[in-house]
Amino acid sequence: MAHSIATAVSFSPPAARRRLPGQVNNVILRRSSVSFNSQRMSFVSIRSRPSQLRFKICCSAKKETVDKVCNIVKRQLALPDGTAVTGESKFSELGADSLDTVEIVMGLEEEFNITVDETSAQDIATVQDAANLIEKLVLEKAA
């Protein structure tokens with residue numbers, strides 16, 4: 001997972017801060033903010049703030065994998081033939097409760113001959129999430 005960290009640097013003229021002649025203040029306001037003040041030079045404040053935006057790089061699973069997962073979900077939830085299940089389908093919107101989700105994961109493990117740990121299983125909310133995880137686990141198993 002890639003993360004971006006934003007940094008802001010601000011400069012203010014000496015008139016913006018009133019200091020006694022020759023006084024120098026170096027202040028650490030927070031772990032992410034440092035200020036250097038002096039009457040003889042301009043005020044410099046350096047601040048770094050963690051970015052609220054996160055970049056996530058992921059590769060979508062193959063269409064065949066998504067289709068297999070759709071079929072397993074339909075079978076496990078006993079959905080009528082006309083029910084549309086796509087990669088964007090959320091298990092909860094298809095009527096799955098926590099027990100159904102466990103049964104879906106067990107069906108996926110059996111079909112793809114993989115083992116899904118509990119933490120990863122809790123992160124699965126959509127058919128696409130399941131397909132992406134399956135492809136990741138299949139590649140790790142092959143390596």
Side-chain angles (χ1 to χ4, degrees), residues 1-19 23-143:
M1 183 181 289
H3 295 281
S4 171
I5 298 177
T7 302
V9 179
S10 62
F11 299 92
S12 300
R17 303 279 184 198
R18 299 205 184 264
R19 302 277 178 227
Q23 180 183 11
V24 176
N25 289 333
N26 298 330
V27 181
I28 299 177
L29 301 173
R30 284 176 267 137
R31 196 187 282 177
S32 62
S33 176
V34 179
S35 297
F36 302 96
N37 304 315
S38 173
Q39 189 66 17
R40 295 187 186 127
M41 63 182 168
S42 63
F43 172 79
V44 178
S45 177
I46 302 171
R47 293 177 187 214
S48 66
R49 289 175 276 176
S51 173
Q52 296 301 319
L53 300 175
R54 303 263 185 220
F55 295 101
K56 185 176 181 181
I57 300 171
C58 72
C59 301
S60 292
K62 297 177 203 167
K63 183 178 178 351
E64 304 86 51
T65 306
V66 175
D67 291 342
K68 277 186 177 181
V69 173
C70 288
N71 290 331
I72 291 168
V73 169
K74 283 182 181 180
R75 186 177 63 236
Q76 292 292 336
L77 296 178
L79 297 174
D81 290 335
T83 305
V85 178
T86 66
E88 293 79 31
S89 298
K90 294 182 179 181
F91 296 148
S92 60
E93 290 175 356
L94 295 172
D97 60 17
S98 58
L99 181 58
D100 291 326
T101 304
V102 169
E103 290 176 355
I104 290 169
V105 170
M106 290 171 56
L108 296 172
E109 289 177 327
E110 186 177 315
E111 176 72 26
F112 292 95
N113 196 25
I114 57 170
T115 302
V116 179
D117 63 53
E118 188 176 332
T119 306
S120 297
Q122 291 174 354
D123 293 337
I124 299 172
T126 66
V127 170
Q128 188 68 51
D129 292 342
N132 291 345
L133 178 62
I134 288 166
E135 290 210 349
K136 177 184 164 213
L137 293 173
V138 168
L139 284 174
E140 287 176 0
K141 187 176 180 180

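Nothing fancy with the numbering, it's 1 onward along the sequence. All values reported here derive from a predicted model rather than from experimental measurement.
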Peer 1: Which residues satisfy the side chain to side chain contact (heavy atoms under 4.5 Å, CB included) test with E111, sequence neighbours excluded?
Peer 2: K68, I72
Peer 1: Apply side chain to side chain donor-acceptor pair (under 3.5 Å) to T101 and list each qualifying residue two or more places apart in sequence or on a separate chain.
Peer 2: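 T101 satisfies side chain to side chain donor-acceptor pair (under 3.5 Å) with no residue once adjacent residues are dropped.
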Peer 1: Identify, with sequence neighbours excluded, every residue that meets side chain to side chain contact (heavy atoms under 4.5 Å, CB included) alongside K90.
Peer 2: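 For K90 the side chain to side chain contact (heavy atoms under 4.5 Å, CB included) partners, ignoring immediate neighbours, are S92, E93, T126.
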Peer 1: Would you say the side-chain atoms of E135 pair up with the backbone N or O of T65, donor to acceptor, closer than 3.5 Å?
Peer 2: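 Not confirmed, E135 side chain does not pair with T65 backbone.
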Peer 1: Tabulate below the donor-acceptor pairs under 3.5 Å that side-chain atoms of residues 136-143 make, not counting sequence neighbours, or state none.
Peer 2:
residue: K141; atom: NZ; partner: N113; partner atom: O; Å: 2.5

Peer 1: Using distance only, find each side-chain donor-acceptor pair of residues 76-89 under 3.5 Å and give its atom names and separation, not counting sequence neighbours.
Peer 2:
residue: T83; atom: OG1; partner: P80; partner atom: O; Å: 3.1
residue: T86; atom: OG1; partner: E88; partner atom: N; Å: 3.4
residue: T86; atom: OG1; partner: E88; partner atom: OE1; Å: 3.4
residue: T86; atom: OG1; partner: S89; partner atom: OG; Å: 3.4
residue: S89; atom: OG; partner: T86; partner atom: N; Å: 2.8
residue: S89; atom: OG; partner: T86; partner atom: O; Å: 3.2

Peer 1: What distance separates L108 CG from T115 OG1, expressed to the nearest 0.5 Å?
Peer 2: 12.0 Å
Peer 1: Can you tell me how far the CZ atom of R75 sits from the SG atom of C70, to the nearest 0.5 Å?
Peer 2: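 Output value for this atom pair is 12.5 Å.
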Peer 1: In Å and rounded to the nearest 0.5 Å, what is the CZ to CG distance from F91 to D100?
Peer 2: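 With rounding to 0.5 Å, CZ (F91) is 10.5 Å from CG (D100).
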Peer 1: Between I134 and V69, is any pair of side-chain heavy atoms under 4.5 Å apart?
Peer 2: yes
Peer 1: Might you point out which heavy atoms bring V116 and A121 nearest each other, and give the distance in Å?
Peer 2: CG1-N, 3.8 Å
Peer 1: Would you compute the distance between atom CD of E118 and atom CG of D123 and round it to the nearest 0.5 angstrom?
Peer 2: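 E118 CD to D123 CG: 11.0 Å, rounded to 0.5 Å.
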Peer 1: Using salt bridge (charged side-chain N to carboxylate O under 4.0 Å, His left out) as the criterion, list what pairs up with D67, not counting sequence neighbours.
Peer 2: K63
